[in-house]
Amino acid sequence: MKRWILRIVAGLALAAGILAAQIALLSPDADTTERTGATIPAAWQSMTEGEVVIEAPGGRRQDVLAVRIADETAERAQGMQYLPARVVRDNPIWFVFPEPRRTGWHMRNVRIPLDIVYVDDAGMVIAIERMAPGQTGYGINEPIAAALEVAAGDAERLGIAPGARLSLAR
């Protein structure tokens, strides 16, 4: 009689372990790097860190934002692709171009929606666009010198709007 109780307890423990593993693997907020052993792409790891100063129109300083800096071609091409959602949320990227240019953006292989802030060569925010995972065709018809990618909603939360100024303070 005790043997069947042990089998039931062992079966319940196994079922609980399977359920816990499924929850961990399917959770959208779980860090996929830890749970799958996936590696962070080398181009993303090579980005340096810095700070972007956010100034509201009129010149008063508003905020400072820690960012990853994508100033090399491979880093700009990498962007937020193939990163766990938590890494994307916690690590805004400041894209820098050697010369102002018109650019196109896509959200293939990006896990969460993003705001992209387009900045001209004087540091003025000229437009902000919300991008959705899996979508393409983003960009504006004006040349930009830099762009800031943050998690969706963070641009507004940080007070970033057209007319604000953003500058890199390494």
Side-chain angles (χ1 to χ4, degrees), residues 24-55 61-161 164-170:
L25 291 174
L26 297 177
S27 170
D29 290 328
D31 186 341
T32 57
T33 301
E34 291 177 9
R35 71 171 200 257
T36 66
T39 58
I40 301 293
W44 193 86
Q45 290 181 32
S46 71
M47 294 179 197
T48 58
E49 296 178 3
E51 293 181 329
V52 168
V53 177
I54 304 164
E55 295 179 19
R61 185 175 168 149
Q62 226 179 355
D63 208 349
V64 176
L65 179 66
V67 296
R68 310 268 311 178
I69 303 167
D71 55 3
E72 300 292 328
T73 302
E75 294 169 348
R76 288 189 298 266
Q78 168 60 50
M80 298 286 197
Q81 295 184 95
Y82 305 107
L83 297 173
R86 182 174 300 150
V87 173
V88 174
R89 271 192 300 278
D90 294 344
N91 294 277
I93 297 180
W94 178 255
F95 294 86
V96 180
F97 299 97
E99 297 289 327
R101 64 178 71 170
R102 288 178 26 192
T103 60
W105 303 80
H106 69 83
M107 289 285 287
R108 290 186 299 266
N109 309 307
V110 178
R111 298 185 194 283
I112 65 170
L114 300 174
D115 290 340
I116 185 163
V117 179
Y118 301 106
V119 180
D120 68 13
D121 58 348
M124 179 83 63
V125 173
I126 52 179
I128 300 172
E129 194 169 21
R130 175 77 42 95
M131 302 188 298
Q135 302 299 307
T136 62
Y138 297 103
I140 60 173
N141 287 326
E142 296 178 54
I144 62 169
L148 175 66
E149 280 187 350
V150 294
D154 280 358
E156 182 179 356
R157 182 182 61 76
L158 292 164
I160 300 172
R165 290 198 180 275
L166 303 182
S167 59
L168 185 62
R170 287 186 186 219

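Closest approach of I112 to M107, counting heavy atoms only: O-CE, 3.3 Å. Shortest non-hydrogen contact noted between A161 and I128 is CA-CD1, 3.8 Å. Here the closest heavy-atom approach between residue T136 and residue H106 is recorded as CG2-CB, 3.9 Å. Pairing each heavy atom of A43 with each of A74, the nearest pair is CB-O, 3.6 Å. Nearest heavy atom pair, residue Y82 against residue P41, reads CB-CG, 4.1 Å. For the residue pair M47 and I69, the shortest heavy atom distance occurs at CB-O, 3.3 Å.
Here the CG-CD distance, from L166 to E55, works out to 9.0 Å after rounding to the nearest 0.5 Å. Separating the CG atom in D71 from the CZ atom in F95 is a distance of 11.0 Å, to the nearest 0.5 Å. How far CD1 of I40 is from CG of N91: 9.0 Å, rounded to the nearest 0.5 Å. Between atom CD1 of residue I116 and atom CD1 of residue I144 there is a gap of 6.5 Å, rounded to the nearest 0.5 Å. Rounding to the nearest 0.5 Å places CG of L158 at 9.5 Å from CG of D115. The structure places CZ of R102 at 9.5 Å from CD1 of I140, a figure rounded to the nearest 0.5 Å.
Side-chain atoms of L65 and W94, non-hydrogen and from C-beta on, never get closer than 4.5 Å to each other. Residues V150 and I160 are not in side-chain contact: their nearest non-hydrogen atoms beyond the backbone lie 4.5 Å or more apart. For the pair Q81/V110, a side-chain contact is recorded, criterion being any heavy-atom separation below 4.5 Å from C-beta on.
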Please report, to 0.1 Å, the donor-acceptor pairs under 3.5 Å made by any side chain of residues 118-126, with sequence neighbours excluded.
residue: Y118; atom: OH; partner: E129; partner atom: OE1; Å: 2.6
residue: Y118; atom: OH; partner: G139; partner atom: N; Å: 3.4
residue: D120; atom: OD1; partner: A122; partner atom: N; Å: 2.9
residue: D120; atom: OD1; partner: G123; partner atom: N; Å: 3.1
residue: D120; atom: OD1; partner: M124; partner atom: N; Å: 2.9

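Using modelled atom types, no side-chain atom of E75 and backbone atom of Q78 make a donor-acceptor pair closer than 3.5 Å. Side-chain atoms of R111 come within 3.5 Å of backbone N or O of L83 as a donor-acceptor pair.
Qualifying salt bridge (Lys or Arg N to Asp or Glu O under 4.0 Å) partners for R68, counting only residues two or more places apart in sequence or in other chains: E49.
Heavy-atom contacts from other residues, nucleotides or ligands closer than 6.0 Å to CD of Q45 number more than 12.
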